[in-house]
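Position 1 is the first residue of the sequence, and the numbers go up from there.
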Amino acid sequence: MRGWLRRLARVLGLALLGWVGISVLLVLMFRVIPVVGSMVMIERKMEAWLAGESLDIRQQWRPWPALSDNAKLAVLAAEDQRFPDHHGIDFIELRRALQASLNGDELRGASTISQQTAKNLFLWTDRSWVRKALEAWFTLWLELLWPKERILEVYLNIVEWDAGVFGLEAAAQHYFGVTAAELSLAQASRLAAILPNPRGLSASRPSNQVLQRSRWIRGQMGNLGHAYLERL
């Protein structure tokens with residue numbers, strides 16, 4: 001019996017080491033190569049296939065210099081203003097979200113750009129404790145092995161902006177007919193405004209909710225200033 005338990009422990013230990021090695025290798029690999037796909041893209045394709053529908057995935061990798069500074073700042077202003085300062089998890093926002101929930105308000109997300117990048121690249125969209133634990137694991141390695149600029153670069157290239165539309169280049173063309181480098185302040189703020197619900201909101205046909213949020217985002221961008229990006 002003890003011999004069987006030792007063998008089981010050895011197998012589990014080797015499996016754990018293998019998981020650590022593979023996950024770290026993936027993170028290191030994607031630090032340097034262009035990211036032209038993600039697990040969420042695969043998830044969306046599978047959802048469409050199971051529903052008997054077709055879904056074309058539109059995504060084009062664009063390096064950091066080809067991404068509009070307006071879009072970089074708008075997304076940070078909207079999603080994660082402490083991005084340069086935290087180490088993957090923003091405990092201040094997390095505490096505020098939990099406090100709001102305890103006060104009876106709707107539980108709002110407190111995920112950082114790093115967490116969202118980990119989820120989009122390596123995991124799936126279902127909300128579960130298993131996914132959150134894996135998200136924290138990959139977030140840890142992203143923060144350890146990637147510079148902040150790379151995290152934001154990858155996020156902007158893989159985040160979902162409409163059904164089948166992933167990444168800033170595809171979103172800019174889809175909504176406004178321009179490249180990712182040409183996005184204006186107003187266009188960038190509208191794109192950032194629809195990120196909480198990219199398949200239910202539109203940047204080119206904005207609702208009052210989107211227009212109001214985009215105005216708030218532009219105000220936050222002004223408060224942060226373009227020098228904010230130099231902190232990355």
Are the side chain of [X] and the backbone of [Y] linked by a donor-acceptor contact shorter than 3.5 Å?
X      : Y      : result
Gln115 : Thr112 : yes
Arg58  : Ala170 : no
Lys72  : Trp64  : yes
Gln59  : Val35  : yes
Asn157 : Arg62  : yes
Arg213 : Ala78  : yes
Lys148 : Phe83  : yes
Trp161 : Leu191 : yes
Tyr175 : Gln187 : no

>> For a 4.5 angstrom cut-off between non-hydrogen side-chain atoms, does Phe30 reach Leu142?
In response: no
Short side-chain donor-acceptor distance under 3.5 Å, [Y] and [X]:
X      : Y      : answer
Gln116 : Tyr155 : yes
Trp141 : Ser23  : no
His226 : Asp69  : no

Provide the closest heavy-atom pair for [X] versus [Y] in the form atom of the first, atom of the second, distance.
X      : Y      : result
Pro84  : Leu232 : CG-CD2, 3.8 Å
Ala74  : Ala188 : CB-O, 3.7 Å
Leu183 : Asn70  : O-ND2, 3.1 Å
Thr125 : Glu43  : OG1-OE2, 2.7 Å
Gly88  : Ser114 : CA-CB, 4.0 Å
Ala118 : Thr139 : CB-OG1, 3.6 Å

> Could you give the distance from CZ (Arg190) to CZ (Arg215), rounded to the nearest 0.5 Å?
Replying inline: 10.0 Å
> Using the ring of each side chain (for Trp, its six-membered ring), is Trp19 parallel, tilted or perpendicular to Phe138, with breaks at 30° and 60°?
Replying inline: perpendicular
>> With side-chain contact (heavy atoms from CB on, under 4.5 Å) as the test, pick out the partner of Met41 among Leu55, Ile57, Val36, Leu121.
In response: Ile57
> Between Arg231 and Asp85, does at least one N-O distance fall below 4.0 Å, as a salt bridge requires?
Replying inline: yes
